[in-house]
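Quantities reported herein were computed from a predicted structural model and do not represent experimental measurements. In what follows, every chain begins at residue 1, and chains take the letters A, B, ... in the order their sequences are listed.
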Number of protein chains: 2
Amino acid sequence: MGDTGAVAKLSDVAARAGVSVSAVSRVLSGDPSARLSEATRERVRKAAGEVGYHPNFAGRALKLARTDVLALIVPDVTNSLFAELTRGVEDEAVARGCVMLLARSEDMQPGGSLFDRLLGEGRVDGIVLQPRDGTDPDELAQSVGERAPLVTIHQPIPGASSVVVPDALAARRATEHLIALGHRRIGFAGGLAGSPTARRRAAGHLDALEEAGLEQDPHLVTWRGYREQDGRASTAELLALPERPTAIVAANVNAAVGVLAQARAQGLAVPEDLSVVAVHDAWTAGHTWPPLTCVRMPLYELGRTAVAALAHVIDGGAIEHRSVEDPEPVLIRRESTAEPRG
Amino acid sequence: MGDTGAVAKLSDVAARAGVSVSAVSRVLSGDPSARLSEATRERVRKAAGEVGYHPNFAGRALKLARTDVLALIVPDVTNSLFAELTRGVEDEAVARGCVMLLARSEDMQPGGSLFDRLLGEGRVDGIVLQPRDGTDPDELAQSVGERAPLVTIHQPIPGASSVVVPDALAARRATEHLIALGHRRIGFAGGLAGSPTARRRAAGHLDALEEAGLEQDPHLVTWRGYREQDGRASTAELLALPERPTAIVAANVNAAVGVLAQARAQGLAVPEDLSVVAVHDAWTAGHTWPPLTCVRMPLYELGRTAVAALAHVIDGGAIEHRSVEDPEPVLIRRESTAEPRG
DNA sequence: GCCGTTTGCGCAAACGATTGATCAGGCGTT
DNA sequence: AACGCCTGATCAATCGTTTGCGCAAACGGC
């Protein structure tokens, strides 16, 4: 395609089309205020195609002080929970002409080098960040300072935009499902007590109980965390109660996997002896045994919204806090829930 | 930290230290051939620290024609199989002073925009690519052309370096394990017939059978693919045989999950009625029911080696094809394998 | 046929960092 | 006293792109 081995630049196109570099730049960038004859435009486009021209990233970024790169930083890139979020972020980024840079937040200790590398060096225009669970919002806010367009996910921090999903409503739907099946004693395997999402989900769970006029035994609510082993621990705790719950709401799919494992380890059949429903959904939920009943959250839309919010900040807009309400959390009935044993 | 809201540049540091821009550049880049007094160096370093200087990425990239960014392109970033690979790539990239750009290969159809975006625009110095299963090597090679430092993983293509893991040996270890347990009729749930890794693994499996003097019934080898549903299909096929296998080697963890699901669906208990062992290992393998016996592959080292190979190409080295032999594939015994039912 | 306006395009100055070339002194040598 | 050399630091060109401004030619109205 190209004539030489070297990468074509603006001046190559200009030479081939017999016009100046600036003319080429204007044609190719589609500058509407540029006054260029259609004949010239056509010649330039043809020449650009012939030499396989692509604008040099560095030159452009230097001049425009903008890279069109957005970073998405999540605790663990390979966690299936982030699949949809990642797709949403990428789709919206591409729709806005940006490239997405995916990074793990492991190397993200306050003062860590990743932030400096990305923002300090001007590698990215902005960051969508999902803080690791247990991160102190104030500490993080201080570490970020004012220096960067930033949107956090799930956990608002001072001085930055944020986007959340309706955690309370989702947990409420999960609990309502169990109540509708006839369960009366329902355990809650929650996230860390310090986690905002965990608090919201617990609140939604309790709301549903209250609305149904059911007991709110504090022993039935645990705060172990979102990991598989946390789900295990929560379940062990709940099943050790003098009066066992007949169902458990897990605040997260990974924790739910732990709930299933622990139930099995204690010889309980799911859903016959214990119903399990998880907040969140992911492809892994269909591969567990039994497949998990879940409340699907709008994570794809969360990703898209986060990028939109980020773009807003980059364009000089004010900080804002959004919640993704559409589509609503919806229950995906699989095989881990059933009526309590007579 | 910084004095003003704006990002500090070289000239700011120079002004503060009372020296020229070039002096600052030389001090900060640690140029050994630079003749600068220790006093000046110290003043420059102090000034740089005070204003919180970070070299502007675009300016540097433009001048050096190098971005120190490496792209890792995998079929699906959220697949747990890529967790270790990703860590290996990132660790080695960081060790070499590079940033890793993680991307999905979905948008990677030949002629697709991602390649152009990354390489044509000079956003990355090179690419580590794991082609989607079923990709035609020649087509891909043609699409890439000579235009970029590229290292492929698992699947060599013409004109680019490649790194593989000992697939045959891993499959052999899996099959040997089953033979040692006493199995004589062993099914193989393989990848697509067109996939090089699948062929290598199947060959290793057959080698083990041959060495043990066991039958090599072609009906016991299937070629459905690496996905969960492929494992299901393979299993259905194998279990429909007049003489059922007592064990199945799954060519991949995801396929193995499908094997487990299908076995259960047909009322078979694992490992009592059917033993299952998977090539590859991933954290998900410990979360299935029962937890999967696996052959662990050196995927972390694969990632590191791939980046090393890429760096070699970028530095002008010759194309080369490596195999990661250390550490060797090793069997991780979990609960999905047992002696065949007497 | 003269003047003001529009059209079509090129010149040149940034953007920030790197680096070969250059320059001003101080010192030792002849 | 004139010379060359080494040290310490600056000058200026360069990477590829964008964009405000200037300049000619064409055009229209009187």
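Counting non-hydrogen atoms under 4.0 angstrom, B/Ala65 reaches nothing in the nucleic acid. Contacts of B/Ser37 with the nucleic acid, taken as non-hydrogen atoms under 4.0 Å apart, involve only primed sugar atoms and P, OP1 or OP2.
One atom, CD of B/Glu38, and another, P of D/dT7, lie 15 Å apart when rounded to the nearest Å. The interatomic distance linking B/Glu121 (CD) with D/dT17 (P) rounds to 10 Å, in whole Å. When the C1' atom of C/dG20 is taken as reference, atom NZ of B/Lys63 falls 9 Å away, rounded to whole Å. Atom-to-atom, CZ of B/Arg43 to P of D/dG8 comes out at 13 Å; the value is rounded to the nearest Å. We find that CG of B/Asp31 is positioned 16 Å from P of C/dA17, with the value rounded to whole Å. What separates CG of B/Leu10 from P of D/dC15 is a distance of 19 Å, to the nearest Å. B/Asp12 has its CG atom 9 Å from the P atom of C/dG16, to the nearest Å. Atom CG of A/Leu62 is separated from atom P of D/dT19 by 13 Å (rounded to the nearest Å).
Under 3.5 Å, the side chain of B/Arg26 and the base of D/dT10 form at least one donor-acceptor pair of N or O atoms. B/Arg35 contributes no side-chain N or O that forms a donor-acceptor pair with the base of C/dG20 under 3.5 Å. Applying the 3.5 Å distance criterion, the base of C/dG8 shares no donor-acceptor pair with the side chain of A/Arg41. In terms of polar N and O atoms assigned as donor or acceptor, the side chain of B/Lys9 never comes within less than 3.5 Å of the base of C/dA17 in a complementary pairing. Contact annotation: side chain of B/Ser20 to base of D/dC11, donor-acceptor pair absent below 3.5 Å.
In this structure, the helix from C/dG1-D/dC30 to C/dT30-D/dA1 shows an angle of 60° between the axis at its start and the axis at its end, each fitted on 5 base pairs and rounded to 10°.
Remark: of the listed residues A/Val99, A/Asn56, A/Leu101, A/Val99 is the sole one forming a side-chain contact (heavy atoms from CB on, under 4.5 Å) with B/Arg123.
A sub-4.0 Å separation between OP1 or OP2 of C/dT18 and a side-chain N or O of B/Ser22 is absent. Taking 4.0 angstrom as the limit, B/Ser11 places none of its side-chain polar atoms (N or O) nearer than this to OP1 or OP2 of C/dG16. The side chain of B/Tyr53 places no N or O atom within less than 4.0 Å of a non-bridging phosphate oxygen (OP1 or OP2) of C/dG16. Taking 4.0 angstrom as the limit, B/Arg60 places a side-chain polar atom (N or O) nearer than this to OP1 or OP2 of C/dT18.
Under a 3.5 Å cut-off, the side chain of A/Ser25 and the backbone N or O of A/Val21 do not form any donor-acceptor pair. Not a single donor-acceptor pair under 3.5 Å links the side chain of B/Glu301 to the backbone N or O of B/Val165. When atom types are taken as modelled, the side chain of B/Arg41 and the backbone of B/Leu36 share a donor-acceptor pair closer than 3.5 angstrom.
Mapped onto DNA chain D by nearest heavy atom, A/Asn56 and B/Val21 fall at different nucleotides, with B/Val21 at the one closer to the 5' end. Checking A/Leu36 against B/Ser29, the closest nucleotide of DNA chain C that is more toward the 5' end is the one next to A/Leu36.
You'll find the side chain of B/Val27 reaches within 4.5 Å of the side chain of B/Arg45, heavy atoms only.
For the residue pair A/Thr197 and A/His154, no side-chain donor N or O sits within less than 3.5 Å of a side-chain acceptor on the partner.
Across all non-hydrogen atoms, the minimal contact from A/Pro131 to A/Leu129 is CD-O, 3.4 Å.
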Exercise. Run the numbers on A/Asp31 and A/Ser29 for side chain to side chain donor-acceptor pair (under 3.5 Å), then give the verdict.
Key: CA-CA 5 Å; A/Asp31 185 346; A/Ser29 67; 5.3 Å; no
